[in-house]
Amino acid sequence: MALVVTKFGGTSVATPEKIRAVAERLVARKKAGDEVVAIVSAMGHVTDELTEMAYAITDTPRMRELDMLLSTGEQVTIALLAMAIHELGERAISFTGPQVGIVTDDAHAKAKIVEIEATAIREALAADNIVIVAGFQGSTRDGEITTLGRGGSDTTAAAIATGIDADVCEIYTDVDGVYTADPRVVPRAQKIDRISHEEMLEMAASGAGVLSMRSVEFARNHDAIIHCRSSFTSEPGTIVTHEETTMENAIVSSVVHDMSDAKVTLRGLEDKPGVAATIFDMLARENVNVDMVIQNISEEGLTDLSFTAPHDDLQRVKTAIDAIAQKVGARTWVLDDNIAKISLIGAGMRTHPGVTAKMFRTLADEDINIDLISTSPIRLSVVVATDDTERAVRALHTAFGLDHE
Ligand code: ASP
Ligand code: MG
């Protein structure tokens with residue numbers, strides 16, 4: 001008997017029929033002797049639709065109200081799934097995030113889980129239920145409803161899995177695992193059988209949509225195993241686990257691209273202590289997630305500074321940037337929306353020199369210009385023009401030996 005946390009994403013619960021299929025899967029699991037907790041997302045594109053409705057009303061919805069709205073998506077799914085399980089003659093009970101004690105900070109729309117009070121889940125399991133929990137939501141200590149950021153149901157799943165000390169956290173999705181590159185862009189991409197938390201974390205941070213970054217972070221911090229697999233087959237997917245147990249230590253294990261960022265450049269800044277601190281303080285206060293930062297060598301005491309941030313944060317960047325430019329005495333600022341970030345990820349990079357040179361050479365041979373560069377011990381990222389994305393990803397995938405035969 002195992003204690004399993006399973007998560008089903010929006011595509012897996014998009015229609016009543018699909019919800020019934022999920023119910024059948026869960027009931028089979030329970031009949032096989034497992035204790036089952038299911039985390040579900042909003043049906044299909046409901047979160048997008050709710051978001052669109054909000055923006056049809058205002059360009060600047062208050063984040064508290066946006067969370068109030070978006071959290072309803074998941075609530076629909078949990079109730080329907082519980083009913084579907086009841087129809088199959090099995091015990092099930094649904095809970096919202098707040099009901100099972102998912103306590104978050106108060107950063108609406110991107111709240112972080114600070115505590116999980118797992119008693120309600122344990123009690124419901126002990127009463128022989130399949131326990132269904134709404135993903136993506138929680139509440140502050142004051143009882144304000146929050147959401148965890150897009151894709152946040154994965155995070156709920158990983159947090160609950162660690163909170164109740166589950167044997168495995170299975171994330172069911174519409175792809176059959178984690179791939180060496182987006183198969184829609186690279187037809188010769190391959191499914192990865194096992195990958196380390198660290199690599200998966202870098203992949204998620206670099207824009208691989210398959211698992212949310214926070215979910216992997218949670219799993220890594222608590223040494224939990226995630227099994228990312230397809231909800232349409234029973235084939236095993238990709239196991240995300242700690243590094244020593246991943247088998248192949250490929251130098252590069254994946255190529256990830258991300259078009260969700262934009263680049264902002266502040267021109268003609270004074271090159272003196274405190275300027276960068278002021279800029280990023282003010283951006284942080286607006287809750288802008290800055291990713292890459294680059295500052296040029298100064299000429300005559302003036303320099304340029306560029307940073308990238310998600311499109312989703314641009315409205316907040318725009319709100320803050322004039323004041324920032326004024327405060328630090330920047331001459332002007334410019335926004336470039338036409339960028340893509342391409343990342344190479346691999347634990348083997350730590351010990352193999354020459355990856356950088358090979359990456360740059362490969363891009364140069366394709367006549368692709370590199371704009372920004374950033375690195376971590378197991379990741380190398382460059383920013384290129386959007387139009388170059390597919391060529392860059394394919395060329396790198398081939399150059400680093402990832403194409404399947
Ligand atoms: N429904 C939310 C979203 O679409 C959360 C999730 O699916 O994980 O982002
Ligand atoms: Mg989703």
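In each ligand, atom 1 is the first atom listed, and ligand 1 is the first ligand listed. Hydrogens, waters and symmetry mates are skipped; everything else that's a heavy atom, side chains included, is used.
- Listed by chain and number, the residues in a salt bridge (Lys or Arg N to Asp or Glu O under 4.0 Å) with R285 amount to none (sequence neighbours excluded).
- Remark: K7 does not engage E170 in a salt bridge, criterion side-chain N to carboxylate O under 4.0 Å.
- At least one heavy atom of G152 lies less than 4.0 angstrom from ligand 1.
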Could you pull out all donor-acceptor pairs under 3.5 Å where a side-chain atom in residues 374-382 meets a protein atom, sequence neighbours excluded?
| unit_1 | atom_1 | unit_2 | atom_2 | d |
| --- | --- | --- | --- | --- |
| S374 | OG | R379 | NH1 | 3.3 |
| S376 | OG | E202 | OE2 | 2.7 |
| S376 | OG | I378 | N | 3.2 |
| S376 | OG | R379 | N | 3.2 |
| R379 | NE | E202 | OE1 | 2.8 |
| R379 | NH1 | S381 | OG | 2.5 |
| S381 | OG | S343 | OG | 2.8 |

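- Using a cut-off of 4.0 Å between Lys/Arg side-chain N and Asp/Glu carboxylate O, R229 and E235 are scored as not salt-bridged.
- The ligand atoms of ligand 1 that sit less than 4.0 angstrom from a heavy atom of R150 are 3 (C), 4 (O), 9 (O).
- Considering OH of Y55 and OG1 of T60, their distance stands at 8.5 Å, rounded to 0.5 Å.
- For S153, a nitrogen or oxygen atom sits less than 3.5 Å from a nitrogen or oxygen atom of ligand 1, counting backbone and side chain alike.
- For the pair G151 and ligand 1, the shortest N or O to N or O distance falls below 3.5 Å.
- Judged by the shortest distance from any of its heavy atoms, H45 lies outside the 4.0 Å radius around the atoms of ligand 1.
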